[in-house]
Engineer: 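Quick one: structure below, then a few questions.
What's counted below: heavy atoms across the whole structure, side chains too, no hydrogens, waters or symmetry copies.
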Amino acid sequence: MLLCFGCKSPEARMPESVQSGSFLKESAERNKKLNEKEKNLIQSIIKNNPDKNYIASESGFWYYYNTKVESDTIQPEFGDIVDFDYNISDINGNEIYDVENRTYVMDKQELFTGLREGLKLMKPEESVTFI
């Protein structure tokens, strides 16, 4: 009885499909155009509402106060419990949904970035519109 075994070093396999990266480049271009379009739309909204005092946040969104509290200096900090109501509208002002009596522990619970950063700017009893 004769047995033969052969050993061969592993060879790299060729990929089944090769992507040139053009999809990523095209996607980046689309996103740049969309970003520019949205930025122009926001600037148009600000320009068409001169009675509102829009403020640019450090987080990249614009906002104005509906009700501003000057006397109070308390703002929420890490771990504070905040009760708030909010509604979300599209860029044309059409309400998408409305949430009442929401309780949130600052930076310890999940909340979308814009709202979380916006709450940090607010004082008790203030009402703010964020774009």
Side-chain angles (χ1 to χ4, degrees):
M1 195 178 243
L2 185 60
L3 294 173
C4 286
F5 290 99
C7 290
K8 187 170 141 179
S9 62
E11 292 180 22
R13 294 181 286 164
M14 297 302 292
E16 292 182 20
S17 65
V18 178
Q19 293 185 357
S20 65
S22 64
F23 172 78
L24 294 177
K25 289 177 187 175
E26 290 170 8
S27 178
E29 277 305 310
R30 276 193 310 273
N31 286 337
K32 285 179 185 178
K33 288 178 184 175
L34 180 60
N35 187 356
E36 188 64 30
K37 182 179 176 182
E38 289 174 349
K39 190 186 302 184
N40 290 337
L41 185 55
I42 290 170
Q43 290 301 322
S44 172
I45 290 170
I46 292 170
K47 184 180 177 180
N48 291 331
N49 291 294
D51 56 320
K52 310 273 192 242
N53 183 23
Y54 284 90
I55 303 166
S57 75
E58 291 179 10
S59 301
F61 55 84
W62 289 87
Y63 65 100
Y64 64 88
Y65 288 92
N66 299 307
T67 306
K68 184 168 177 72
V69 176
E70 299 287 346
S71 61
D72 204 343
T73 59
I74 298 172
Q75 289 178 300
E77 296 178 1
F78 181 83
D80 287 349
I81 297 173
V82 178
D83 294 318
F84 64 98
D85 303 330
Y86 72 98
N87 64 32
I88 297 191
S89 303
D90 65 17
I91 200 75
N92 297 317
N94 302 314
E95 189 171 292
I96 297 171
Y97 64 88
D98 190 13
V99 178
E100 293 184 8
N101 301 321
R102 171 83 192 263
T103 299
Y104 171 68
V105 180
M106 289 302 296
D107 296 327
K108 287 190 171 188
Q109 292 177 293
E110 294 237 354
L111 191 63
F112 61 91
T113 305
L115 183 54
R116 183 181 65 239
E117 295 305 314
L119 286 172
K120 290 178 184 179
L121 298 171
M122 296 175 69
K123 298 173 189 167
E125 305 302 320
E126 284 186 330
S127 172
V128 180
T129 298
F130 300 98
I131 297 181

Engineer: Enumerate, atom names and distances included, each donor-acceptor pair closer than 3.5 Å involving a side-chain atom of residues 79-87, sequence neighbours excluded.
Structural biologist:
unit_1 : atom_1 : unit_2 : atom_2 : d
Asp80  : OD2    : Glu77  : N      : 2.8
Asp83  : OD1    : Thr103 : OG1    : 2.7
Asp85  : OD1    : Asn101 : N      : 2.5

Engineer: Does Asp107 have any side chain to side chain donor-acceptor pair (under 3.5 Å) partners at least two apart in sequence or in another chain, and if so, which?
Structural biologist: Lys120
Engineer: Judged by atom type as modelled, is there a donor-acceptor pair below 3.5 Å linking the side chain of Glu126 to the main-chain atoms of Lys68?
Structural biologist: no
Engineer: Mind checking what makes side-chain contact (heavy atoms from CB on, under 4.5 Å) contact with Glu26, not counting sequence neighbours?
Structural biologist: Ser22, Arg30
Engineer: List the residues meeting side-chain contact (heavy atoms from CB on, under 4.5 Å) with Ile96, not counting sequence neighbours, and say none if there are none.
Structural biologist: Ile88, Asp90
Engineer: For the CD atom of Glu117 and the CE atom of Met122, what is their distance to the nearest 0.5 Å?
Structural biologist: 13.5 Å
Engineer: In chain order, what residues pass the side chain to side chain donor-acceptor pair (under 3.5 Å) check against Ser59, with sequence neighbours excluded?
Structural biologist: none
Engineer: Under the side chain to side chain donor-acceptor pair (under 3.5 Å) rule, collect the residues that match up with Asp98, sequence neighbours excluded.
Structural biologist: none
Engineer: I would like to know whether Leu119 and Leu111 meet side-chain contact (heavy atoms from CB on, under 4.5 Å); could you show each step before the answer?
Structural biologist: CA-CA 10 Å; Leu119 286 172; Leu111 191 63; 3.7 Å; yes
Engineer: Could you note down all residue pairs passing side-chain hydrogen bond (donor to acceptor under 3.5 Å, both in side chains) where residues 46-58 supplies at least one of them, sequence neighbours left out?
Structural biologist: Ser44-Asn48
Engineer: Among all residues two or more places apart in sequence or in another chain, which pass the salt bridge (charged side-chain N to carboxylate O under 4.0 Å, His left out) test with Lys123?
Structural biologist: none
Engineer: Who pairs with Thr67 by side chain to side chain donor-acceptor pair (under 3.5 Å), at least two apart in sequence or on another chain?
Structural biologist: none
Engineer: Test: ring-ring contact (aromatic ring centres under 6.0 Å, His included). Region: residues 91-126. Which pairs qualify, not counting sequence neighbours?
Structural biologist: none
Engineer: Please enumerate all residues that pass ring-ring contact (aromatic ring centres under 6.0 Å, His included) together with Phe130, with sequence neighbours excluded.
Structural biologist: Phe61, Tyr63
Engineer: Distance-only criterion, 3.5 Å: show the donor-acceptor pairs between side-chain atoms of residues 31-43 and protein atoms not counting sequence neighbours.
Structural biologist:
unit_1 : atom_1 : unit_2 : atom_2 : d
Asn31  : ND2    : Ser27  : O      : 3.4
Asn40  : ND2    : Glu36  : O      : 3.3

